[in-house]
Trainee: 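Just dropping this structure here.
Worth knowing before you read on, the calculation uses all heavy atoms, side chains too, and leaves out hydrogens, waters and symmetry mates. This is a predicted model, so every value here is computed, not measured.
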Amino acid sequence: MIVSWNTTNACNLKCAHCYRDAGARKEEELSTDEAKKMIGEIARAGFKIMIFSGGEPLMRDDIMELVREAAGAGVRPVFGTNGTLITESIASDLKKAGAMGMGISLDSLDKAKHDRLRGETGAWDAAVRGMENCKKAGLPFQIHTTVMDWNENELEGITDFAVRIGAVAHHFFFLVPTGRAASSDMEKKSLHAEAYEKVLTRIMEKQRSVGIELKPTCAPQFTRIAKMMGVQTRFRRGCLAGMAYCIVGPTGKVQPCAYLNIEAGDVRSKPFDAIWKESDVLRRLRTMDYGGGCGVCEFKRVCGGCRARAACYHEGDYMAEEPWCLYRENKVHNI
């Protein structure tokens, strides 16, 4: 099971698609002691992986202490970071503290395109330098790419770059228009229906020829596509929200996933392990009682549809069918 913690709202970049609308630190963010208490509760709930994300997690002054806390509690500490702050010394310190992997964002092989999305000139160079510093420190890293209409033709090339630079995986993030992306034209640049299906098929085809892990995120149909193509993958379920995954915000609010902005609880008023067990929102997600095509689809248990996208396009109904699935359109609706 995996939990992601948005350690802070502070960030040194201004990414156009940020679901957290990160930038400035929030005054009410969890303190070091509160965070340590939460980490203990996360371990007690049976979680094995903790993603330190943000904002930019390396902007927390106590981040090394918290990584040590997680590692000591038996929860594998990994990061979701823009990579720009990973110096040689920070990479070395993270490794010593117990960090097990760094997910570093890289959205294009064209520096200008990446920098434009990330809102800062030089972000590409700094991210790649961060990868190189991780490699020097012996700290495993993977590349994270947000898929848009303007970079979809680069995806295999970015995977090849990931192999060359020494990444252990390449994960592809498919946009759900929340946060900053909801108030811009980002949704128009995301992939829908046919284009979405074609890109997922390409990624699974690319998996046949590379030795690193390729994984689409917020695109649960990839599990169905991999199964239909006979592509071997360790992933057995697409959407994990509320099943084996949730997220904690900077101030302690728990959500089923980063893009499903529905509160399941608050760690300041209730222990995390109790929230995970008792939340009505999380319990409902576990029923898999989906509406529309998702509810009758033969791949319901391996895919599940993106619950955040369902909510986004169905006025908050996170159990509705999700709108981008060609298989549902072609097979289920035409029965």
Trainee: For Arg202 and Glu152, indicate whether the former's side chain and the latter's backbone hold a donor-acceptor pair under 3.5 Å.
Mentor: yes
Trainee: Do Lys36 side-chain atoms and Glu69 backbone N/O form a donor-acceptor pair below 3.5 Å?
Mentor: no
Trainee: Taking 4.0 angstrom as the limit, do Lys206 and Asp160 come out as a salt bridge?
Mentor: yes
Trainee: Aromatic contact between Phe272 and Phe47, with the criterion being ring centroids under 6.0 Å apart: yes or no?
Mentor: yes
Trainee: Just by distance, do the side chain of Thr251 and the backbone of Glu29 share a donor-acceptor pair under 3.5 Å?
Mentor: no
Trainee: Apply side-chain hydrogen bond (donor to acceptor under 3.5 Å, both in side chains) to the pair Glu322 and Gln221, showing each step before the final yes or no.
Mentor: CA-CA 10 Å; Glu322 85 130 284; Gln221 290 80 11; 2.8 Å; yes
Trainee: Does Leu175 offer a backbone N or O that forms a donor-acceptor pair with the side chain of Arg309 under 3.5 Å?
Mentor: yes
Trainee: Of the non-hydrogen atoms in Ala123 and Asp115, which two are nearest, and what is the gap between them?
Mentor: N-OD1, 3.2 Å
Trainee: Any heavy-atom pair between the side chains of Met64 and Leu94 that's under 4.5 Å?
Mentor: yes
Trainee: How long is the straight-line distance from CG of Leu214 back to CE of Met204, given to the nearest 0.5 Å?
Mentor: 6.0 Å
Trainee: Nearest 0.5 Å please: distance from the CD1 atom of Ile165 over to the CD1 atom of Ile104.
Mentor: 8.0 Å
Trainee: Between Lys135 and Glu132, is the closest basic N to carboxylate O distance under 4.0 Å?
Mentor: no
Trainee: Kindly assign one of parallel, tilted or perpendicular to the pair Tyr327 and Phe299, based on the angle between their ring planes and the thresholds 30° and 60°.
Mentor: perpendicular
Trainee: Going through the checks in order, is the side chain to side chain contact (heavy atoms under 4.5 Å, CB included) test met by Phe79 and Ile63?
Mentor: CA-CA 11 Å; Phe79 276 69; Ile63 197 67; 3.8 Å; yes
Trainee: Of all the heavy-atom pairs spanning Leu260 and Ala308, show the shortest one and how long it is.
Mentor: N-CB, 3.9 Å
Trainee: Does atom CZ (Arg301) have a neighbourhood of more than 12 heavy atoms from anything else shown, all under 6.0 Å?
Mentor: no
Trainee: Taking the side chain as everything from C-beta on, heavy atoms only, tell me whether Glu197 gets closer than 4.5 Å to Ile225.
Mentor: yes
Trainee: Please report the closest heavy-atom contact between Phe52 and Pro57, naming both atoms and the distance.
Mentor: O-CG, 3.5 Å
Trainee: State, with a plain yes or no, whether a side-chain heavy atom of Ser105 is found less than 4.5 Å away from one of Arg118.
Mentor: yes
Trainee: Which residue in the set Ile49, Val254, Val248 passes side chain to side chain contact (heavy atoms under 4.5 Å, CB included) when paired with Val3?
Mentor: Val248
Trainee: Answer yes when Glu28 and Lys253 have at least one side-chain N-carboxylate O distance shorter than 4.0 Å, and no when they do not.
Mentor: no
Trainee: Could you give me the CA-CA distance, side-chain angles and deciding distance for Arg286 and Met243, then say whether side chain to side chain contact (heavy atoms under 4.5 Å, CB included) is met?
Mentor: CA-CA 6 Å; Arg286 292 165 194 157; Met243 302 280 195; 4.1 Å; yes
Trainee: Taking side chain as C-beta onward, heavy atoms only, is Leu282 less than 4.5 Å from Pro256?
Mentor: yes
Trainee: May I ask you to decide if Ile212's main-chain N or O and Gln207's side chain share a donor-acceptor pair within less than 3.5 Å?
Mentor: yes
Trainee: Just how far is it from atom CD of Glu120 to atom SG of Cys15, taken to the nearest 0.5 Å?
Mentor: 10.0 Å
Trainee: Distance from Cys239 atom SG to Tyr318 atom OH, nearest 0.5 Å?
Mentor: 12.0 Å
Trainee: For residues Asp107 and Thr145, is any side-chain donor paired with an opposing acceptor at under 3.5 Å?
Mentor: no
Trainee: Of all the heavy-atom pairs spanning Leu155 and Phe172, show the shortest one and how long it is.
Mentor: CB-CE2, 4.0 Å
Trainee: Could Arg237 and Tyr245 be counted as a cation-pi pair, given that NZ or CZ must be under 6.0 Å from the ring centre and within 45° of the axis?
Mentor: no
Trainee: Stepwise, does the side chain to side chain contact (heavy atoms under 4.5 Å, CB included) test hold for Met131 with Leu106?
Mentor: CA-CA 10 Å; Met131 297 176 200; Leu106 195 78; 4.0 Å; yes
Trainee: Just by distance, do the side chain of Ser92 and the backbone of Glu88 share a donor-acceptor pair under 3.5 Å?
Mentor: no
Trainee: Within the structure provided, determine whether Arg224 and Cys325 are in side-chain contact (heavy-atom separation under 4.5 Å).
Mentor: yes
Trainee: Are any of the side-chain heavy atoms of Glu213 and Phe235 separated by less than 4.5 Å?
Mentor: yes
Trainee: I'd like to know if the side chain of Asn133 reaches the main chain of Ile86, judged simply by a donor and an acceptor atom lying under 3.5 Å from each other, with no hydrogens or angles considered.
Mentor: yes
Trainee: Please determine, by modelled atom types, if Asn82 and Thr84 share a side-chain donor-acceptor pair under 3.5 angstrom.
Mentor: yes
Trainee: Is the backbone N or O of Gly55 less than 3.5 Å from a side-chain atom of Asn6, with the two atoms forming a donor-acceptor pair by type?
Mentor: no
Trainee: Of the non-hydrogen atoms in Pro220 and Cys306, which two are nearest, and what is the gap between them?
Mentor: CG-N, 3.3 Å
Trainee: Atom CG in Leu30, atom CE in Met38: separation rounded to 0.5 Å?
Mentor: 5.5 Å
Trainee: Do Trp124 side-chain atoms and Ser108 backbone N/O form a donor-acceptor pair below 3.5 Å?
Mentor: yes
Trainee: On a heavy-atom basis, which atom in Cys218 and which in Tyr196 lie closest, and how many Å separate them?
Mentor: O-OH, 3.8 Å
Trainee: If you round to the nearest 0.5 Å, how far is NZ of Lys277 from CD1 of Ile275?
Mentor: 14.0 Å
Trainee: Regarding His170 and Thr159, is there a side-chain donor-to-acceptor distance under 3.5 Å anywhere?
Mentor: yes
Trainee: Quick one: are Ile203 and Phe222 in side-chain contact, heavy atoms under 4.5 Å?
Mentor: no
Trainee: Decide yes or no for Lys215 and Thr233: does some side-chain heavy atom of the first lie under 4.5 Å from some side-chain heavy atom of the second?
Mentor: no
Trainee: Say whether Thr81 and Glu56, considering side chains only, have a donor N or O and an acceptor N or O under 3.5 Å apart.
Mentor: yes
Trainee: Between Arg60 and Thr7, is there a donor-acceptor pair closer than 3.5 Å when you use the side chain of the first and the backbone of the second?
Mentor: yes
Trainee: Are Phe161 and Val168 co-members of a hydrophobic cluster defined by side-chain heavy atoms under 4.5 Å apart?
Mentor: no
Trainee: For residues Glu321 and His314, is any side-chain donor paired with an opposing acceptor at under 3.5 Å?
Mentor: no
